[in-house]
Enquirer: 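Take a look at the following structure, please.
Here the structure is a predicted model, which is why all the values come from computation and not from measurement. Computed over heavy atoms, backbone and side chain alike; hydrogens, waters and symmetry mates excluded.
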Protein chains: 2
Amino acid sequence: MAKLTIAEENYLKTIFLNVDSQQEDCLVNTNTLSQAMNTTAGSVTDMLKKLSEKELIHYIPYKGVNLTEKGKKMAIFTLRKQRLWEYFLVTHLKFSWDKVHEIAEQLEHIDSEELIEKLDEYLNYPEYDPHGDPIPNAKGEFPQRKTILLSDFPVNTYNKAIIAGVLTHNADFLKFLDRIGIHIGLEIQITEKIPFEDSMLIQWKNKEIIINRSITNNILVYKPENP
Amino acid sequence: MAKLTIAEENYLKTIFLNVDSQQEDCLVNTNTLSQAMNTTAGSVTDMLKKLSEKELIHYIPYKGVNLTEKGKKMAIFTLRKQRLWEYFLVTHLKFSWDKVHEIAEQLEHIDSEELIEKLDEYLNYPEYDPHGDPIPNAKGEFPQRKTILLSDFPVNTYNKAIIAGVLTHNADFLKFLDRIGIHIGLEIQITEKIPFEDSMLIQWKNKEIIINRSITNNILVYKPENP
DNA sequence: AAAGATTTTTAATTTAAATTAAAATATTTT
DNA sequence: AAAATATTTTAATTTAAATTAAAAATCTTT
């Protein structure tokens with residue numbers, strides 16, 4: 001695998017995360033990247049030219065970018081590193097899930113495939129990181145799981161769900177979830193949808209709370225195996 | 001603690017390692033540093049000016065450098081990080097001691113005190129790394145132990161020694177030690193000194209070998225508690 | 001103590017990445 | 001479809017670090 005600079009790895013990762021979710025040949029535009037990476041459009045254009053030179057992206061000026069197969073491979077490997085480190089930090093070093101982001105951002109750029117494969121083995125090949133994000137395996141394959149947004153959960157047809165992950169890693173949001181007791185793996189019951197702010201009434205054990213769309217739009221869930 | 005660049009941390013660490021062993025107000029010179037760091041004298045001078053600006057070193061042009069208290073603190077913290085990571089790589093991820101150097105060189109620059117303190121706790125506060133180098137604690141204090149070079153061991157007065165550490169981390173040297181079965185903690189018996197190449201006859205269990213000065217000059221030993 | 005050798009510093013360049021402001025191109029609105 | 005607005009690119013600077021070659025200082029030798 002060719003060696004990339006830290007900035008290059010970060011760009012590829014960000015492009016991957018902004019293109020993946022959407023349709024086939026969708027392009028990410030310059031501004032989206034400059035915002036996601038907290039930099040300016042000018043800096044982004046500069047870097048896009050370099051990445052295009054190296055055949056890591058398909059770049060159409062004024063239109064946007066896409067990853068090449070090579071670029072996608074690198075982006076997925078960076079994600080793999082990031083998520084394995086996050087898993088290690090939370091499960092072994094006892095970091096809280098709202099604090100691991102910055103540290104994993106640094107650790108993910110350590111350049112050693114052997115390190116990552118040994119770390120993966122040591123951690124016993126986890127499939128999901130502490131935020132519920134899938135960890136690609138050494139071949140770059142993601143584990144499959146059908147999840148939906150809590151906000152899209154069909155209350156009428158069914159009403160039990162298990163928390164699978166979160167869409168934002170914003171520290172305040174994560175601390176808020178800690179505070180109310182929501183964590184990955186928790187089984188909740190969705191009792192009612194309330195029009196005001198698209199709120200939902202959810203409950204588990206002896207708890208019953210109302211959360212609005214700013215919460216439900218950021219939580220992924222799946223249906224339990226045995227209803 | 002003020003934040004340093006990777007290059008700055010490396011310079012401080014190298015100065016520390018080249019000044020520490022010798023007398024009180026010894027100075028390291030530019031050329032020593034350029035060789036130790038695989039760079040040119042010109043680059044070193046540039047960096048020395050910056051470090052001096054930041055009051056991390058005492059720099060006397062044409063004479064050499066020394067660390068200030070502040071610089072020493074930073075250098076020791078960098079060593080702490082490097083050695084804790086080496087310990088982790090060998091004891092937990094099962095790396096061999098000849099392979100950890102490059103990776104630890106990268107890991108030591110991850111910027112998070114909390115990470116290091118949690119790692120230290122997780123590792124159960126080890127005092128020596130896999131090469132036998134002392135790991136400073138969170139206060140910057142080194143464990144104390146009286147070791148001597150195997151080549152200086154007084155064969156006549158006493159003849160048992162325990163391997164404490166190695167002075168070079170050269171991979172071929174370490175693999176050689178693996179090959180002949182010498183490892184940290186091994187108790188050996190020093191049977192004889194032989195003038196040719198300052199060789200020594202050493203033995204343990206059913207093994208008996210002769211090693212010359214290029215080996216004995218790079219091995220640290222100490223005397224067993226109960227002779 | 002002067003000549004020659006070695007070491008150090010200075011100064012001019014190079015590279016990767018970021019920033020800013022101006023110019024060019026798209027998109028949206030009327 | 002032209003005008004107004006958004007976005008994107010270009011070009012000129014900035015910063016950290018490294019390199020190279022020339023100039024300056026120091027050390028060694030006689």
Enquirer: Rounded to the nearest 0.5 Å, what separation is found between the CH2 atom of B:Trp97 and the CG atom of B:Asp178?
Expert: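 Between atom CH2 of B:Trp97 and atom CG of B:Asp178 there are 6.0 Å.
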
Enquirer: May I ask which nucleotide in the shown strands pairs with C:dA26, Watson-Crick or G-U wobble, both distances under 3.5 Å?
Expert: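 Looking at the geometry, C:dA26 pairs with D:dT5.
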
Enquirer: Between A:Lys63 and A:Thr39, which is nearer to the 5' end of DNA chain C once each is assigned its nearest nucleotide?
Expert: A:Thr39

Enquirer: In whole angstrom, what separates B:Leu33's CG from D:dA18's C1'?
Expert: 16 Å

Enquirer: What about A:Phe142 and A:Tyr128, are their ring centers closer than 6.0 Å?
Expert: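 Centroid distance A:Phe142-A:Tyr128: not below 6.0 Å, so no.
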
Enquirer: Need the glycosidic conformation of D:dA24: syn if within 90° of 0, anti if not. Which one?
Expert: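 Here D:dA24 takes the anti form, which means its glycosidic angle is more than 90° from 0.
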
Enquirer: If you draw the axis of the six-membered ring of B:Phe16, does the NZ or CZ of B:Lys72 fall within 45° of it and under 6.0 Å from the ring centre?
Expert: no

Enquirer: Rounded to the nearest Å, what distance is computed from the CG atom of residue A:Asn10 to the C1' atom of nucleotide C:dA17?
Expert: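 Going from CG in A:Asn10 over to C1' in C:dA17 covers 12 Å.
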
Enquirer: Under 4.0 Å between a side-chain N/O of B:Asn31 and OP1 or OP2 of C:dT6, yes or no?
Expert: no

Enquirer: Please state whether the phosphate of C:dA17, meaning OP1 or OP2, lies under 4.0 angstrom from any side-chain nitrogen or oxygen of A:Lys50.
Expert: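 Yes.
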
Enquirer: Contact class for B:Thr30 (heavy atom, under 4.0 Å): base, sugar-phosphate, or nothing?
Expert: sugar-phosphate

Enquirer: Side chain of A:Ala7 only, please: which of C:dA17, C:dT8, D:dA18 is the nearest?
Expert: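 Out of C:dA17, C:dT8, D:dA18, the nucleotide with an atom closest to A:Ala7's side chain is C:dA17.
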
Enquirer: Both conditions, 6.0 Å and 45 degrees, for the charged tip of A:Lys49 above the ring of A:Tyr59: are they met here?
Expert: no

Enquirer: Is the phosphate of C:dT20 approached by A:Thr40 (side-chain N or O, under 4.0 Å from OP1 or OP2)?
Expert: no

Enquirer: Using a heavy-atom cut-off of 4.0 Å across all strands, would you classify B:Ser43 as base, sugar-phosphate, or nothing?
Expert: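 Answer is base: heavy atoms of B:Ser43 come under 4.0 Å of a base.
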
Enquirer: Expressed in angstrom and rounded to an integer, what is the separation of A:Met37 atom CE from C:dA16 atom P?
Expert: 17 Å

Enquirer: Within the 4.0 Å heavy-atom criterion, would you say B:Thr45 contacts the bases, only the backbone, or no part of the nucleic acid?
Expert: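 Counting heavy atoms under 4.0 Å across all strands, the contact made by B:Thr45 includes a base.
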
Enquirer: Rounded to whole Å, how long is the line connecting atom CD1 of B:Ile60 with atom P of C:dT8?
Expert: 13 Å

Enquirer: Below 4.0 angstrom from OP1 or OP2 of D:dT8, is there any side-chain N or O of A:Asn29?
Expert: yes

Enquirer: If you assign A:Asn38 and A:Tyr62 each to the DNA chain C nucleotide with the nearest heavy atom, which residue ends up on the more 5' nucleotide?
Expert: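 It is A:Asn38 whose nearest nucleotide is closer to the 5' end.
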
Enquirer: To the nearest Å, give me how far apart CG (B:Leu27) and P (C:dT7) are.
Expert: 17 Å

Enquirer: Ignoring backbone atoms, test whether A:Tyr59 places a side-chain nitrogen or oxygen under 4.0 Å from the OP1 or OP2 oxygen of D:dT9.
Expert: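 Yes, A:Tyr59 has a side-chain N/O under 4.0 Å of OP1/OP2 on D:dT9.
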
Enquirer: Rounded to the nearest 0.5 Å, how far does NZ of B:Lys54 lie from CG of B:Leu51?
Expert: 7.5 Å

Enquirer: Measure the distance from CG on B:Leu4 to C1' on D:dT15 and round it to the nearest whole Å.
Expert: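 Taking CG of B:Leu4 and C1' of D:dT15, I get 17 Å after rounding.
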
Enquirer: Counting neighbours of CD on B:Glu102 that are heavy atoms of other residues, nucleotides or ligands and sit closer than 6.0 Å, is the number greater than 12?
Expert: no

Enquirer: If the cut-off is 4.0 Å, is B:Lys49 near the phosphate of C:dA11, judged by side-chain N/O to OP1 or OP2?
Expert: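 No, no such contact exists.
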
Enquirer: Rounding to a whole Å, what distance do you find between A:Met47:CE and C:dA16:P?
Expert: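 My rounded result for the distance is 10 Å.
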
Enquirer: Whole angstrom is fine here: how far is it from CG in A:Asp46 over to P in D:dT15?
Expert: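 Computing the A:Asp46:CG to D:dT15:P distance gives 17 Å.
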
Enquirer: Hey, does the side chain of A:Thr5 come within less than 4.0 Å of C:dA16's phosphate (OP1/OP2), counting only N and O?
Expert: no

